[in-house]
Each structure stands twice: as structure tokens, then as C-alpha cells.
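Whatever order the structure lists them in is the order used to number ligands and atoms, beginning at 1.
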Amino acid sequence: MLPVVAIVGKPNVGKSTLFNRLTASRAALVSDFPGMTRDRQYGQATLDQLPFIVIDTGGMTASSDELDQLITRQALQAIGEADKVLFVIDGRHGLTTEDQAIVDKIRPLRKPIFLVVNKTEGQDAVMAAADFYRLGLGTPYPIAAAHGKGIPALLEAVFPAEERASIQAAEAARNRDNSIRLALVGRPNVGKSTLTNRILGEERVIVNDSPGTTRDSIFIPLERFGKHYTLIDTAGMRRRKNIEEVTEKFSIVKTLQAIESANVVLFVIDGREAVTDQDLRLLGFVLESGKSLVVAINKWDNMTEEAKEDTRTSVSRKLHFLSAIRLEYISALHGSGVGKLLDYVDEAYESANKKFSTSYLTKLLEQAVEAYTPPLVRGRRVKLRYAHTGGHNPPIIVVHGSGAEYLPDSYKRYLAGYYQKRLELVGTPVQVKMKEA
Ligand SMILES: Nc1nc2c(ncn2[C@@H]2O[C@H](COP(=O)(O)OP(=O)(O)OP(=O)(O)O)[C@@H](O)[C@H]2O)c(=O)[nH]1
Ligand SMILES: [Mg+2]
């Protein structure tokens, strides 16, 4: 599982600026469940090949204002889900009583806390940090988030080399069994655990009608027609007490961890509701991860024709961008469509791992170019010469040519689509990379 780092602190100390620095190129997932007045952001960062999840939180205050209290509660929840905490303070202001109050709140949660002193540009970093030893949180790490200063040293402290190595070794050990790792992903209460049970054919995962009943993500081995799988069931964490809490228990962290551990994501949508924005956002994250994908529209039983038609319309309007992705209407409860779903999972996995010869990829490149000539780049004709495999799961195709690097994204997308079709790759994205040659 990817390690999780939460960024917390007073308002305006630079938490989001640090978050943006850490997650740089990757899009963040913003949670917008009802009841969350202030968005939490989730993103992915990498240190020396160790990917980890970063959570940005709203500024914590001691005020009794309802909104402020909600933000503070959410920050504390983020800490609950985190392995490490970055407590950010403003180095220009010295230690304030608010900072001290936050420390008193987060220390009892017993997570490793790293004291980050921000906005130290133009100051003597050591001097700027000295005042903060008094907090009793150990060494302060001076940074300037807006300028990217001090961040490598901070990360080295958060994840020392030996810890990185042991996390990676544990991950590698888990992947060694060569099973198809299948993550069931979707909003709360769409039927992920019911589907897991159905696939397993036994009641092994606790199912409950209230969202967020499953305690943790679970890895469950499965054999089907001689093939080995590991099912990864995600879901919320605790039982609901009231409606507001439900929204808090769905765990985006667990979802992101499951996506990252998987080869194939089985994305579950509640067929009794239209495709929601949250479905689309989660789907976007799956697509960006480069994992193979199969979509299940669940609860397709006992529905009126009219309700079915409404959902079909919503699906065709909102999911049309999922070309070359299999989509199946199923009932996890009754089992209809579930066998087919697993065939699609196999197909997606095979597609993602297919291997192709350089000569074949080059031949297809020539045909693609003949069908649609690359545009002029800086007034010159681009000459694409050959293509070869650059990796699989997801398949990467490296195209060499003079001026190739300067081709517009639209042409790369055209090539990716062309390869997708001609190589008959279903359920997996194809990445095309350009190399100057
Ligand atoms: N001088 C300086 N300003 C910074 C630095 N990092 C962030 N800031 C500024 O501090 C202000 C607040 O930054 P944010 O990242 O939004 O702070 P935040 O902690 O996320 O704020 P809330 O989410 O509202 O609690 C912005 O104007 C930033 O440009 C820094 O390293 N140096
Ligand atoms: Mg912020």
C-alpha cells in the first residue's frame, strides 16, 4: 500500500503551496461529498521511485465557528488516515499560540509529526527554524514552498532511504505471485462488497446496507478456470452513526491505494442512479493511473424499463469518452453479468501485457502516417521512422522520427488511437511516446 502523508497547520501557512509542489504534474482528486464544506485534496507524489499519497487539508483553528470546527475535524481525520504528518508553520511569524494549540490536538493521535517551517526564503534557515525547537517536535525543517526550497531534505527525513527500501521490498513481495490484481473501486454503497462476495461465491466480506461497512481494503486470493487473481476490496472504514458521518467514512485514501496496487480496476457504478460527478472524478483518476479498466453498472435487477432507459442515457452521455473500455450491466446480488465481467477483466489484463515486434509496430506506423500525414512542425515535414515497445501494462509504444518531439498532442492521440484499434487492445490505455531520431 502506498504510504500516506497529511499536511496540516494554521490557515495561510502554505499547506496547499507545499501540496502543489509535492504532487507537481499529477492531477489532484478533490473530495466533494456532501457535508464537506471545505475540500480536501488528494494527490500523488514520488520520492526516488517511492510513490506516496499526499493529503492537503484546510487550515486548523481554535475558533468555535461551526465551519472552522468542521475543517479542523476533517484535518484530524486526514491525520487518522495518514502514516506521517507534516505540520506546517509560518517561519516569518514565530511561534504562535494557535500553532501550540494545534500541536496539542494532533500529538495525542500518535502519528510521526514533522515540523515544517515555511516561508524561510531570504532568512538564515537555521536561525529561522531555531525558535521552533520549543514545540518539542524534534528538528524543524526549514522550507520555502513557493520557491521549492528545502523540500528534498524534508522528504529524505520523512522517508529515510532504509524505510523506502523496505516499503518497496514489501510491495515487490506482494506482486511476485503473478496473480491478476483486481481492485473493485467506486463510490460508497454501489455494491463493491456484494460483488466481491458474488465473485468469490461465498460470504467472506461483510456486507451491510449502510455505506462504509468494510473495515479496510482486503486482499483476497481467488482461482477461476486455473487463473489466479487477487481481489482488492476497498470501502469505507467504520460504521455510520449519522448521515453526516457517512460522508466522512468513504476512504479516498484506500481507494487510491487500491488503484495503485491493481493491474486491473473494476469500476462499479450504481445503476439506479445516474452517472455522478464523483463517479467521473474517480474514473478520471483511474484513467490517469494507466491501469486497465472494466466498468460495471450494478443493481441492474428489479428496475422499471423507464429507470433502465434513464441510466442508459446517462451512461452513453457521460461515459462516451471510455472508448475501447468494456462496460457491462450487472446484478451483483443475483449474479447476472458477473461471469462476463470477469472475462472482460482477463481480456483487459491480456491486452495490457501483449507484446509486439518492432517490425509490426513500424509497419502500423507507416500505415497510420499514410492515412493521416503529420502536420508541419516549424514549417518542416516531420519524418516518423520506426516504432518499438517501451513497456507493457500499460502498453507503451515509442515512435522515433525527426521532429517527432514537436508533434502536437493531437497527433500523438491519433497514433495512440490508431494503435489501440489495430492492435485490438481492449480495456487498457495505450501510451505513445515520441523520440527524436
Ligand atoms: N513568501 C512565501 N510565501 C509563501 C510560501 N509558500 C506559500 N506562500 C504564500 O502564502 C499564502 C498562503 O498559501 P497557501 O498555500 O494557500 O496556504 P494554506 O496553508 O494552504 O492556506 P489555507 O488552506 O487557507 O489554510 C499564499 O499567498 C502563498 O503564495 C513561501 O515559501 N514563501
Ligand atoms: Mg490550502
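In Asp56, neither the side chain nor the backbone holds a heavy atom less than 4.0 Å from any atom of ligand 1.
Counting only N and O atoms by type, the side chains of Asp99 and Thr96 include a donor and acceptor under 3.5 Å apart. Remark: the Tyr229 side chain and the Asn263 side chain contain no N/O donor-acceptor pair separated by less than 3.5 Å. Under the 3.5 Å distance criterion, with hydrogens and angles disregarded, a donor-acceptor pair is assigned to the side chains of Thr276 and Asp279. Neither side chain, Thr428 nor Ser351, offers a donor N or O lying under 3.5 Å from an acceptor on the other.
Close N/O approach between Thr17 and ligand 1 is found [any backbone or side-chain N/O within under 3.5 Å]. Residue contacts with ligand 1: Gly58 is placed with no nitrogen or oxygen under 3.5 Å of a nitrogen or oxygen of the ligand (distance criterion only). Residue Thr57 places no N or O, backbone or side chain, under 3.5 Å from any N or O of ligand 1.
Taking each of Gly122, Ala144, Ala146, Gly150 in turn, the one with a heavy atom nearest to atom 5 (C) of ligand 1 proves to be Ala146. Of the candidates Lys15, Arg21, Lys119, Lys15 brings a heavy atom nearest to atom 19 (O) of ligand 1. Considering Val88, Asn12, Leu18 only, the shortest heavy-atom separation from atom 12 (C) of ligand 1 involves Asn12.
For the Mg ion (ligand 2), the N/O/S atoms of Ser16 include one lying under 2.8 Å.
When each atom of ligand 1 is checked for a heavy atom of Gly59 under 4.0 Å away, the hits are 25 (O). Below 4.0 Å from some heavy atom of Arg92 lie the following atoms of ligand 1, by number and element: 1 (N). For ligand 1, the atoms sitting less than 4.0 Å from at least one non-hydrogen atom of Glu121 are 1 (N), 2 (C), 30 (C), 31 (O), 32 (N), numbered in the order shown with element in parentheses.
In this structure, Phe159 and Phe52 have tilted ring planes: the angle between them lies in the 30° to 60° band.
Under a 4.0 Å N-O distance rule, the pair Lys340/Glu347 does not qualify as a salt bridge.
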When the side chains of residues 135-151 are checked against the rest of the protein, which donor-acceptor pairs come out under 3.5 Å, sequence neighbours left out?
residue: His147; atom: NE2; partner: Glu121; partner atom: OE2; Å: 3.4

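The residue from Thr17, Leu22, Val85 that alone fulfils the side-chain contact (heavy atoms from CB on, under 4.5 Å) condition with Ile7 is Leu22.
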